[in-house]
Structures are given as C-alpha cells and as structure tokens.
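To start, the structure itself, in structure tokens.
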Amino acid sequence: WSIEAGEGIEAGEGIEAGWSIKVGESIKAGAGIEAGESIEAGWSIKVGEGIEAGESIEAGAGIEVGESIKAGAGIEAGLSISCKSSLRFNYSLFAGVATWRDINSASKEIICGKLEGGTVCYGDVTETGLPEDVKPETISIGGTYYEVTEELKSVLNNLKEARNGE
C-alpha cells in the first residue's frame, strides 16, 4: 500500500507506508516516516525523528530530520540535507541540485552526525558527531543533576507559557 497526496501531508506522529509515499508539496511528521520503497516530496521533508526508505528519498527542496536518515539506494534534495544522527545510503547522494534557483554553499550543505556508506556526488558534508558522542546538557535542582531532554524542555516551556498567560 502507498500514500499519495497532490498537496502536503502533515502528521503529529509518524507516517508509514508499505510501498511508497509521494506528495506534491511537503511532508511533515512529528515522529518518523517509513516507506518500504520510496519517499518523494515535490517540496520539503521535515521529520522530528527518523526517516527510512527501502530505496530512495527525494525532495524538491530540503530534507530536515531530527534523528537519522536511511535509504536503501540513494538520496536527492534540491537544497540542503540535515540530521542529528547517522545519514545512511548505499549508492548516491545529491544535495543542492535545485534548478529553480541559484545554488550557494548553504544550499548544498549536508550536515549529519555521521555519514555512512554510499558516495556523495554533489554537496558539502559536515559531520558533527553522533548524539551519543555528545555529553547531555544537565541542570541542577536542589543539588541533584538532571539530564535536559526534549520532553523536559517541552514541560518547562509549557510551564513558562502558563505562567505568562496568568
């Protein structure tokens, strides 16, 4: 089974298809995106967690992922590609191949924790290190140290907004 939309798809959680996901505009998911074959967006792909395709991932503009990107074959983006964890693919990767605008160095950035496999045919790679290599941010409350997670940040932001709204 496949998912196809003439415009965009937005999901608060994840998006999954046994075969392919094809969208005329953008794909946005709070969690992950997974397709047995391909993921294709006419514009951009933005995912809070990971993205995985059995074959290819394509976006007319950029690809921005909170965790890892994995493609069984290749990846193509009209603009930049970024993820905080690993960027895995088996064959070719192209970033910044848009024909609808001038391409500058920022347009062809590939920023990831670690590049694994395949050949970067076009784009400039910056590896930032895997998240597990980075020490977590901590805060001290009453002499006890706590790791600052995304969940904790969300709770603190909600408390701050509630306080400001009163």
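Side chains are part of it too, since the values below use all heavy atoms of this structure and drop only hydrogens, waters and symmetry mates.
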> Would you say V125 and I111 are hydrophobically clustered, going by side-chain heavy atoms of ILVMFWY under 4.5 Å?
Replying inline: no
> Nearest heavy-atom pair of A11 and I15: which atoms, and what distance?
Replying inline: CB-CG1, 3.7 Å
> So which heavy atom on N90 is nearest to which on G72, and how close?
Replying inline: ND2-O, 2.6 Å
> For S20 and S38, does a side-chain donor sit closer than 3.5 Å to a side-chain acceptor?
Replying inline: no
>> Would the distance check show the side chain of E10 and the main-chain N or O of A29 forming a donor-acceptor pair, the cut-off being under 3.5 Å?
In response: no
> If you round to the nearest 0.5 Å, how far is CD of E40 from CD of E76?
Replying inline: 9.0 Å
> Got R101 and S107 here, is their nearest side-chain heavy-atom distance under 4.5 Å?
Replying inline: yes
> Which heavy atom of E37 sits nearest a heavy atom of A53, and at what distance?
Replying inline: O-CB, 3.5 Å
> Does a side-chain heavy-atom distance below 4.5 Å link I75 with Y91?
Replying inline: no
>> Tell me whether the count of non-hydrogen atoms from other residues, nucleotides or ligands lying under 6.0 Å of NZ in K22 goes above 12.
In response: no
> How many angstroms lie between CD in E49 and CD in E34, if you round to the nearest 0.5 Å?
Replying inline: 12.0 Å
> What's the verdict on side-chain contact (heavy atoms from CB on, under 4.5 Å) for I81 and L93, showing C-alpha distance, side-chain angles and the deciding distance?
Replying inline: CA-CA 10 Å; I81 298 171; L93 184 142; 4.1 Å; yes
> Within a strict 4.5 Å, meaning less than it, do heavy atoms of the C83 and S68 side chains meet?
Replying inline: no
> Closest heavy-atom contact between A41 and E25?
Replying inline: CB-O, 3.4 Å
> Would you call L156 and V148 a side-chain contact if the rule is heavy atoms closer than 4.5 Å?
Replying inline: no
>> To check you understand the geometry: which heavy-atom pair defines the closest contact between E116 and R88, and what is its length?
In response: OE1-NE, 2.6 Å
> Measuring from S85:OG to L130:CG, what's the distance to the nearest 0.5 Å?
Replying inline: 5.0 Å
> Do E109 and D124 have side-chain heavy atoms sitting under 4.5 Å apart?
Replying inline: no
>> Name the residue from I63, I39, V47 that meets the side-chain contact (heavy atoms from CB on, under 4.5 Å) definition with I27.
In response: I39
>> Is it true that, when you exclude E13 itself, more than 12 heavy atoms of the residues, nucleotides or ligands shown sit nearer than 6.0 Å to its CD?
In response: no
> When rounded to the nearest 0.5 angstrom, what is the spacing between CD in E127 and CD1 in I110?
Replying inline: 10.5 Å
>> Just verifying a value: how many Å separate K84 NZ and C112 SG, rounded to the nearest 0.5 Å?
In response: 13.5 Å
>> Pairing donors with acceptors under 3.5 angstrom, does anything connect the side chains of S154 and N157?
In response: no
>> Connecting only ILVMFWY residues whose side-chain heavy atoms lie within less than 4.5 Å of each other, what is the rest of I103's hydrophobic cluster?
In response: W43, L79, F94, V97, W100, Y122
> Which heavy atom of E58 sits nearest a heavy atom of I45, and at what distance?
Replying inline: O-CD1, 3.7 Å
